[in-house]
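Take a look at the structure set out below.
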Amino acid sequence: MNRNYAKELDKIIENQGNKGKKLFLHSCCAPCSSYVMEYLCSFFRITVFYYNPNITEQEEYIKRADEQKRLIAAFNRQMESGERKGYPIEVVEGNYDKELFFEKVKGLEHCKEGGERCFLCYEMRLLETARRAKEKDFDYFTTTLTISPLKNAVKLNEIGERLAEEYQIPFLPSDFKKKNGYKRSIELSKEHALYRQDYCGCVFSRR
Ligand code: SF4
């Protein structure tokens with residue numbers, strides 16, 4: 001039977017005992033994180049983890065990182081002024097080690113986007129997220145990646161749950177594109193005049 005990850009997440013959120021718990025949220029970029037932060041920030045204390053060694057060009061990597069920080073600062077200002085309800089959001093940047101990505105996907109350079117190469121790319125980013133979340137004593141970890149219609153949410157949740165077992169830290173199931181999440185991320189991107197890239201990140205996705 002197909003699982004409904006969005007409903008599973010709602011159940012976790014409805015449990016008031018979870019309110020205020022610490023979430024380590026991997027983010028690929030500001031536009032994808034916009035809706036996810038809006039949705040979760042009144043429930044979890046979020047630290048956004050910008051960790052994307054899959055982005056081939058350094059200039060592009062920096063541009064996306066800067067947009068991520070700018071959006072978080074804007075959210076925090078809105079919270080301070082009372083315009084938005086929620087816990088203040090923190091941000092941490094991971095290592096930008098492009099070689100790690102290229103090593104991981106060696107031999108899969110010609111795969112189509114959405115195939116085996118991407119699964120390894122998801123795993124690379126989620127593994128570091130789980131490892132750091134455990135190290136820093138977070139209550140949950142997850143990723144914004146399920147908001148994209150181009151990403152495989154089932155695979156992402158499978159990987160997250162496997163790493164949760166391995167690192168002994170709960171993974172928050174998600175399918176953020178549901179409940180109009182993707183649509184809302186486009187609205188928020190417009191509202192904050194965010195840079196929205198037109199390719200995923202690696203050199204292969206640019207072809
Ligand atoms: S297309 Fe995107 S998800 Fe797939 S390998 Fe490239 S950067 Fe990673």
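The structure presented is a predicted model; accordingly, all values stated were derived computationally and were not measured. Both ligands and their constituent atoms are indexed starting at 1 by order of listing. Residue numbers count from 1 along this sequence.
Listed by chain and number, the protein atoms of type N/O/S under 2.8 Å from atom 4 (Fe) of ligand 1 are Cys118 SG; waters are omitted.
Numbered from 1 in the order shown, with element, the atoms of ligand 1 that lie under 4.0 Å from a heavy atom of Arg125 read 3 (S), 8 (Fe).
Side chain to side chain, Tyr167 and Glu135 fail the donor-acceptor criterion of an N or O pair below 3.5 Å.
Taking the six-membered ring wherever Trp is involved, the centroid distance between the rings of Tyr140 and Phe24 does not fall below 6.0 Å.
Using a cut-off of 4.0 Å between Lys/Arg side-chain N and Asp/Glu carboxylate O, Glu128 and Arg131 are scored as salt-bridged. Ion pairing of Arg77 with Glu80 is absent here, as no side-chain N (NZ or NE/NH1/NH2) approaches a carboxylate O to less than 4.0 Å.
Just one residue in the list Tyr50, Tyr61, Phe101 forms a ring-ring contact (aromatic ring centres under 6.0 Å, His included) with Tyr96, and that residue is Tyr61.
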Give the intermediate values and the outcome of salt bridge (charged side-chain N to carboxylate O under 4.0 Å, His left out) for residues Glu161 and Arg3. CA-CA 13 Å; Glu161 285 172 355; Arg3 283 173 59 183; 2.8 Å; yes
With salt bridge (charged side-chain N to carboxylate O under 4.0 Å, His left out) as the test, would you mind laying out the steps for Lys63 and Glu67 before giving the verdict? CA-CA 6 Å; Lys63 198 170 177 181; Glu67 284 296 81; over 6 Å; no
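Contact annotation for Glu109 and ligand 1: no heavy atom of the residue comes within less than 4.0 Å of the ligand.
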